[in-house]
**Q** 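Submitted below is the structure of interest, expressed as structure tokens.
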Number of protein chains: 2
Amino acid sequence: MNIGSAAEQSGLPPKTIRYYEEIGLIPAAGRTQGGYRDYDGTDVEILRFLRRARGLGFSVAECRELLSLYRDRERASADVKALALQRIEDIERKIVELESMRRTLRHLADHCRGDERPNCPILDDLAFGGTNES
Amino acid sequence: MNIGSAAEQSGLPPKTIRYYEEIGLIPAAGRTQGGYRDYDGTDVEILRFLRRARGLGFSVAECRELLSLYRDRERASADVKALALQRIEDIERKIVELESMRRTLRHLADHCRGDERPNCPILDDLAFGGTNES
DNA sequence: GTACAGATTCCGGTTACTGGAAGGTCAAGA
DNA sequence: TCTTGACCTTCCAGTAACCGGAATCTGTAC
């Protein structure tokens with residue numbers, strides 16, 4: 001099948017599939033007589049794998065590792081689990097960071113009248129810092 | 001003062017300060033006889049503003065707007081509050097997304113023995129999709 | 001044959017920096 | 001005054017993960 005069909009079946013855009021081939025994440029596809037990329041079911045399976053892994057927040061580099069482990073019948077599941085746990089940690093760190101931002105912004109927004117007048121605690125905080133910065 | 005001092009006092013790296021000047025987020029700094037950038041206390045205040053705004057997750061474009069509002073004595077606080085609320089929404093969306101990823105990863109990791117054997121539910125899920133994908 | 005959808009490659013752009021090379025300036029110490 | 005090392009400058013390309021668009025070719029239905 002052509003790249004359009006592979007895209008449809010995998011859920012990844014054609015551009016992304018070409019990009020993955022370019023960076024060597026997936027092998028170069030076979031070609032038709034006319035020069036079109038030609039994919040089969042196994043190719044689509046890999047593309048789906050990548051879509052799911054990316055969707056879980058694994059970086060392209062990590063996807064490369066995951067694919068390698070997937071292809072390795074001798075792999076130790078410990079290696080896979082380590083990648084997943086690392087991802088979880090990163091995600092948790094990010095969540096904490098985002099929650100802190102939200103708290104500050106929420107606090108500032110709650111104290112802002114949000115009317116036509118110029119006085120604004122949000123700008124004041126940005127300009128002079130709040131109690132957590134003194 | 002030189003860029004190094006401005007960097008120290010603002011908390012932004014010299015490279016970032018130069019970058020902000022390049023993209024016009026801050027005005028071009030005055031220069032010493034020797035060609036070094038020269039900053040004063042007000043410049044540092046603006047840099048601090050930017051550091052805090054970036055730290056709250058505002059994009060460079062949003063920082064541009066915030067600075068504009070800050071400089072505008074006639075601003076309406078409503079405009080500032082709108083930016084903050086927008087940021088809060090974006091952050092909340094991101095948190096929800098991250099929590100979903102974490103849940104899936106946590107579930108998969110919990111079911112993975114993480115030993116020397118090759119069987120791994122994480123890879124299986126990536127390869128074939130889980131119940132939430134059928 | 002015609003027309004349109006889909007494919008190709010190439011190139012530059014997105015966002016927010018940031019490292020490094022090559023070379024100049026400054027200030028303290030000898 | 002000279003030396004040395006820290007700091008500064010500009011320029012350029014890279015990071016990560018795509019993705020839009022231009023120019024051109026291919027394939028299929030009518």
Side-chain angles (χ1 to χ4, degrees), chain A residues 1-26 28-40 43-44 46-47 49-67 83 86-87 90-91 94 97-98 101, chain B residues 1-26 28-40 43-44 47 49-67 86-87 90-91 94 97-98 101:
Chain A
M1 78 189 85
N2 287 345
I3 197 169
S5 299
E8 210 174 293
Q9 289 186 40
S10 66
L12 291 175
K15 279 281 188 183
T16 304
I17 298 173
R18 285 192 204 98
Y19 171 66
Y20 287 170
E21 178 183 300
E22 187 198 326
I23 62 173
L25 185 57
I26 56 175
R31 297 294 181 124
T32 63
Q33 278 276 62
Y36 285 15
R37 287 176 176 78
D38 195 21
Y39 298 94
D40 63 25
D43 297 322
V44 171
I46 297 299
L47 292 173
F49 182 104
L50 290 173
R51 198 203 78 232
R52 294 186 190 109
R54 293 285 302 122
L56 288 180
F58 289 107
S59 65
V60 168
E62 285 166 331
C63 288
R64 213 182 287 273
E65 272 189 76
L66 285 167
L67 268 185
L83 281 177
Q86 182 65 252
R87 194 95 306 305
D90 289 348
I91 286 172
K94 189 66 192 178
E97 187 191 342
L98 288 170
M101 291 186 202
Chain B
M1 79 191 84
N2 286 344
I3 196 167
S5 299
E8 207 174 295
Q9 290 186 39
S10 67
L12 291 175
K15 280 279 187 184
T16 304
I17 298 173
R18 286 191 202 96
Y19 171 66
Y20 287 168
E21 178 183 304
E22 187 199 326
I23 61 174
L25 186 56
I26 56 175
R31 297 293 181 126
T32 62
Q33 278 277 61
Y36 284 14
R37 289 176 173 79
D38 196 22
Y39 297 94
D40 63 26
D43 296 322
V44 171
L47 292 173
F49 182 104
L50 290 173
R51 199 201 77 231
R52 293 185 191 108
R54 291 288 301 124
L56 288 182
F58 289 106
S59 65
V60 168
E62 284 166 334
C63 289
R64 215 182 286 273
E65 271 189 78
L66 285 168
L67 268 184
Q86 182 64 252
R87 193 98 303 311
D90 287 349
I91 287 172
K94 188 66 193 177
E97 187 191 342
L98 288 171
M101 290 185 203

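Residue numbering restarts at 1 for every chain, and letters A, B, ... go by the order of the sequence lines. The shown structure was predicted, so the numbers you read here are calculated from the model rather than taken from an experiment.
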**Q** With sequence neighbours left out, what residues match B:Glu21 under side chain to side chain donor-acceptor pair (under 3.5 Å)?
**A**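 B:Glu21: side chain to side chain donor-acceptor pair (under 3.5 Å) contacts with B:Arg37.
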
**Q** Partners of B:Phe49 by ring pair (Phe, Tyr, Trp, His ring centres under 6.0 Å), sequence neighbours excluded?
**A**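 Only B:Tyr70 meet the ring pair (Phe, Tyr, Trp, His ring centres under 6.0 Å) criterion with B:Phe49.
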
**Q** Is any side-chain nitrogen or oxygen of B:Arg31 closer than 4.0 Å to OP1 or OP2 of C:dG24?
**A**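 Result: no.
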
**Q** Does any residue of residues 3-12 of chain A have a heavy atom under 4.0 Å from DNA chain C, and if so, which ones, in number order?
**A**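 Per residue number, the list reads A:Ile3, A:Gly4.
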
**Q** What does nucleotides 17-30 of chain D look like as a protein-contact string, B for base, S for sugar-phosphate only, - for none, at under 4.0 angstrom between heavy atoms?
**A** BBSBB----BS---

**Q** Where is the tightest heavy-atom contact between B:Ile17 and B:Leu12, given as atom of each residue plus distance?
**A**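 Looks like CD1-O, 3.8 Å.
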
**Q** Using the salt bridge (charged side-chain N to carboxylate O under 4.0 Å, His left out) criterion, which residues pair with B:Glu8? Sequence neighbours excluded.
**A**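 Salt bridge (charged side-chain N to carboxylate O under 4.0 Å, His left out) check on B:Glu8 returns nothing, list empty.
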
**Q** Quick one: salt bridge (charged side-chain N to carboxylate O under 4.0 Å, His left out) partners of A:Glu97, sequence neighbours excluded?
**A**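 For A:Glu97 the salt bridge (charged side-chain N to carboxylate O under 4.0 Å, His left out) partners, ignoring immediate neighbours, are A:Lys94.
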
**Q** From CG of B:Asp38 over to P of D:dC7, roughly how many Å is that when rounded to an integer?
**A**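 For the pair B:Asp38 CG and D:dC7 P, the rounded distance is 17 Å.
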
**Q** Does A:Arg64 put a side-chain nitrogen or oxygen below 4.0 Å from OP1 or OP2 of D:dA16?
**A**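 No, A:Arg64 has no side-chain N/O under 4.0 Å of OP1/OP2 on D:dA16.
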
**Q** Looking only at side-chain N and O atoms, does B:Arg51 come under 4.0 Å of OP1 or OP2 in C:dA16?
**A**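 For B:Arg51, the contact criterion (side-chain N or O under 4.0 Å from OP1 or OP2 of C:dA16) is not met.
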
**Q** Is A:Arg18 near enough to C:dT8 that one of its side-chain N or O atoms lies under 4.0 angstrom from OP1 or OP2?
**A**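 Indeed, a polar side-chain atom of A:Arg18 lies that close.
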
**Q** Roughly how many Å is it from CE in B:Met1 to C1' in D:dC8, rounded to a whole number?
**A**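 After rounding, the gap between these two atoms is 16 Å.
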
**Q** Which residues pass the side chain to side chain donor-acceptor pair (under 3.5 Å) test with B:Ser59, not counting sequence neighbours?
**A**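 Side chain to side chain donor-acceptor pair (under 3.5 Å) list for B:Ser59, sorted by chain: B:Glu62.
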
**Q** Quick one: salt bridge (charged side-chain N to carboxylate O under 4.0 Å, His left out) partners of A:Glu65, sequence neighbours excluded?
**A**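 A:Glu65 satisfies salt bridge (charged side-chain N to carboxylate O under 4.0 Å, His left out) with no other residue.
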
**Q** Residues in salt bridge (charged side-chain N to carboxylate O under 4.0 Å, His left out) with B:Asp90, at least two apart?
**A**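 Result, salt bridge (charged side-chain N to carboxylate O under 4.0 Å, His left out) vs B:Asp90: B:Arg87, B:Arg93.
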
